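In what follows, a single structure is set out as structure tokens and then discussed.
Keep in mind that what you see is a predicted model, and the values were worked out from it rather than measured.
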Amino acid sequence: MTSERINPAELARPSGFSHAVSVAGGAAAGGAAAGGAAAGGAAVGRMVFLAGQTGVDRDGNVADGGVVPQFERALTSLLTALGAAGGLPSDLVSLTIYLTDVPGYQAHAREIGAVWRRLAGTEYPAMAAVGVTRLWLPELLIEIQGIAVVSG
């Protein structure tokens, strides 16, 4: 099994984490789930684990305007990390969205959906939204963490 830590220059310099970790390996290192062969011998690609991204820009500024701008910033950062690992939005297989205000997210679901479609397309990975009491900075409303399987 081999792994690569990926920290794109477009994102804030990480401290104590990597923006993405790409993992490839054969059956002995986890089989299909770790980039080996699936049933029938077909290769499935590399797994890319994407660190939680928030509504903070490269300079540490939190997006103003609530959950929709923070969602857009977080998703943009997640897709930037994925792109640096050679992936596309369609490679996402799982997302976990952490929210400090679930009702606020629900109230803006249409706008958030429009942001998703503009940035990531019309396909969705498996998703979960989890209400939390707080994120790293008190003004943050959302954090998005993901897993992708990237071909080749």
Side-chain angles (χ1 to χ4, degrees), residues 1-25 29-30 32-35 44-152:
M1 178 177 79
T2 60
S3 64
E4 175 188 6
R5 268 82 177 140
I6 301 164
N7 294 299
E10 300 91 342
L11 299 179
R13 186 179 154 283
S15 177
F17 70 97
S18 292
H19 284 290
V21 177
S22 176
V23 179
V44 295
R46 295 177 292 113
M47 288 190 76
V48 178
F49 297 88
L50 299 157
Q53 299 293 332
T54 63
V56 175
D57 68 15
R58 185 177 192 276
D59 299 319
N61 301 309
V62 176
D64 290 329
V67 70
V68 176
Q70 285 195 28
F71 177 84
E72 182 166 354
R73 166 79 338 226
L75 183 59
T76 297
S77 295
L78 186 101
L79 296 176
T80 297
L82 177 57
L88 301 169
S90 59
D91 295 324
L92 289 167
V93 295
S94 179
L95 284 183
T96 303
I97 302 170
Y98 300 97
L99 304 162
T100 61
D101 180 9
V102 174
Y105 183 90
Q106 292 169 325
H108 293 92
R110 285 185 189 270
E111 297 155 274
I112 289 168
V115 169
W116 174 273
R117 288 185 297 278
R118 182 169 41 83
L119 297 177
T122 57
E123 294 185 20
Y124 295 86
M127 288 187 178
V130 180
V132 297
T133 58
R134 191 193 142 157
L135 296 168
W136 189 254
L137 299 173
E139 60 270 33
L140 291 173
L141 303 172
I142 189 164
E143 183 167 334
I144 306 172
Q145 180 179 13
I147 300 172
V149 178
V150 178
S151 300

Any donor-acceptor pair under 3.5 Å from [X] side chain to [Y] backbone:
X: Asp57; Y: Asp59; result: yes
X: His19; Y: Ala12; result: yes
X: Arg46; Y: Gly86; result: no

To the closest 0.5 Å, what do you measure between [atom1] ([X]) and [atom2] ([Y])?
X: Ile6; Y: Thr80; atom1: CD1; atom2: OG1; result: 12.5 Å
X: Asp101; Y: Leu140; atom1: CG; atom2: CG; result: 13.0 Å
X: Gln145; Y: Thr96; atom1: CD; atom2: OG1; result: 5.5 Å
X: Ile144; Y: Leu50; atom1: CD1; atom2: CG; result: 11.0 Å
X: Leu82; Y: Leu79; atom1: CG; atom2: CG; result: 6.5 Å
X: Gln70; Y: Glu143; atom1: CD; atom2: CD; result: 11.0 Å

Chi angles and distances behind the side chain to side chain contact (heavy atoms under 4.5 Å, CB included) call for Val62, Leu137: CA-CA 9 Å; Val62 176; Leu137 299 173; 4.1 Å; yes
Side chain to side chain contact (heavy atoms under 4.5 Å, CB included) evaluation trace for Tyr105 with Ile142: CA-CA 9 Å; Tyr105 183 90; Ile142 189 164; 3.9 Å; yes
Which atom pair, heavy atoms only, marks the closest approach of [X] to [Y]?
X: Pro138; Y: Arg134; value: CD-NH2, 3.3 Å
X: Leu78; Y: Ala51; value: CD1-O, 4.0 Å
X: Ala63; Y: Arg73; value: CB-CB, 4.4 Å
X: Ser94; Y: Pro125; value: N-CB, 3.6 Å

Trace of the side chain to side chain contact (heavy atoms under 4.5 Å, CB included) decision for Leu99 with Val132: CA-CA 6 Å; Leu99 304 162; Val132 297; 5.9 Å; no
Which residues share a side-chain contact (heavy atoms from CB on, under 4.5 Å) with Val93, sequence neighbours left out: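 By the side-chain contact (heavy atoms from CB on, under 4.5 Å) rule, Val93 matches Ile147, Val149.
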Inter- and intrachain pairs under side-chain hydrogen bond (donor to acceptor under 3.5 Å, both in side chains), touching residues 1-18, at least two apart: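 The answer is Ser3-Arg5.
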Distance-only donor-acceptor pairs under 3.5 Å for side chains of residues 109-121, two or more places apart:
residue: Trp116; atom: NE1; partner: Gly121; partner atom: O; Å: 3.3
residue: Trp116; atom: NE1; partner: Glu123; partner atom: O; Å: 3.2
residue: Arg117; atom: NH1; partner: Gly113; partner atom: O; Å: 3.2
residue: Arg118; atom: NH1; partner: Glu72; partner atom: OE2; Å: 3.1
residue: Arg118; atom: NH2; partner: Glu72; partner atom: OE1; Å: 3.1
residue: Arg118; atom: NH2; partner: Glu72; partner atom: OE2; Å: 3.0

